[in-house]
Amino acid sequence: MLSTTRETIRKSAKAIGYPVDVIEKFLRSEAEHTFEIKLGNKTFPAFRVQHNSKLGPYKGGIRFHPGVNIDEVRALATLMTLKTAAAGLPLGGGKGGVAVNVKSLTPQEIETIARQYARKLSNHLGPSIDIPAPDVNTDSRVMDWMVDELEKVTGDNHQATFTGKSIENGGSEGREPATGNGGSLALYEFLRAKKLDGKKLTVALQGFGNVGYYFARSLVNYPNLSLIAVSNSQNSWHNPEGFDIKQLPANITRPEMIPMFGNAKQLSPDNIVKTDSDILVLAALENAITADNVKTVKAKIIVELANGPISEGASEYLASKGVMVIPDILANAGGVIASYLEWRQNLAGKHWSEEEVNRKMGHILSTAIRSAIERAESEKIDLREAAIQLALIRVLGVKVTS
Ligand code: NAD
């Protein structure tokens, strides 16, 4: 993952004209913290990589997962630098993790790990230094423990050091649906730019977790988009007439519990990729489309709400067939933008309504998408390449012509 990330950046930076030494310097992290967390007689490797702070404090999640290692964290921190810059935020990129299987732990043990993590990094975190957030297997509870521990160690009770906290502890309204809401907004801006916003289009959606669910719900704002298929890891549900989005419950529910899926044709989950729809939204896992299934894709527009849901080989094939992809770096940026807005509320001692958060998030995301579309058109490159180039130019300064 690290070498793929670095190669992608080298290619984009070279296309803009940056010299090799500038690119290589950018690829190196500004700081890396590696330490151990002790739980009884066990120890778990822990990491925080602070990749780049040119545009602002490091920003990025902390994951608890047995597969976490320094190279993965380096790659994810580098991608955060690109993501915050592509979204036009005054933030840098960082990432952290503990190599631990939370499924084997009690809530008390998870709390011990979270508190030790914050304690060990207490000199390196802060609202203007590094602002972590939840990621895989961490949530608002974990962030609340970290805020509390940091206060115990440093006396700093600044809630703005972490985002993704509980609402009672300074969290933001609208954080939970932000990535899904941002996905539909990104899609709409794209359709508008391509003059397709007035057309009736069908949508198939892979993944019905946090991101997929709120994406589906937000389609109520776009009556020209008809959701005709949905899947999770167990099943897919197809209704060519379109589901009545208004019937979706306000809070996340498993699809098999939703009555409107009862009348739909139920198939295996892999059928979703083959759905005869105009738009395919990938909101489940990485590598959902690979060389094995790419030839079955019928949609002409793909929205990457998951991170890295299309393999590199599959991307090339889709491009050769004229399939347009709204890349993860833009499509799922609603989450990090909501985190940024939480940080701003904490700094200002304010608590905005969900409408206010959505409005501000919408403005930031629409601006980012429009800039990327403009660059893609003027440079005749795809949207992913355009977003990466814009991010690099924001971090490294004006293009250097060779
Ligand atoms: P989640 O665990 O809540 O939901 C994942 C969904 O994918 C579930 O419905 C699951 O059943 C489904 N799924 C798993 N395997 C599948 C398969 N083979 N076929 C179809 N569906 C399958 O996770 P989430 O928070 O919704 O995140 C989804 C993706 O979005 C991840 O890649 C995540 O990294 C990315 N992402 C999430 C956020 C966020 O704010 N939660 C932000 C940016 C990116």
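The chain is numbered in sequence order, starting from 1. Keep in mind that the numbers below use all heavy atoms, side chains included, and drop hydrogens, waters and symmetry copies. Start at 1 and go down the list; that is how both ligands and their atoms are numbered.
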Review point. With sequence neighbours left out, which residue pairs that include part of residues 204-214 fulfil the side chain to side chain donor-acceptor pair (under 3.5 Å) condition?
Key: Glu176-Tyr214
Practice item. Scan Ile326, Asp328, Val281 and name whichever one has a side-chain contact (heavy atoms from CB on, under 4.5 Å) with Leu305. Key: Val281
Review point. Which of these, Phe215, Phe243, Phe261, Trp237, sits in a ring-ring contact (aromatic ring centres under 6.0 Å, His included) with Phe208?
Key: Phe261
**Study point:** Those protein residues which place at least one heavy atom below 4.0 Å from ligand 1
**Key:** Arg175, Thr179, Gln206, Gly207, Phe208, Gly209, Asn210, Val211, Ser231, Asn232, Ser233, Ala283, Ala284, Leu285, Leu305, Ala306, Asn307, Asn332
Review point. Would Ser166 and Asp144 count as having a side-chain donor-acceptor pair, cut-off 3.5 Å?
Key: yes
Review point. Tell me, do His33 and Gln50 make a side-chain contact under 4.5 Å, heavy atoms counted?
Key: yes
Review point. Of the non-hydrogen atoms in Leu365 and Gly182, which two are nearest, and what is the gap between them?
Key: CD2-O, 3.3 Å
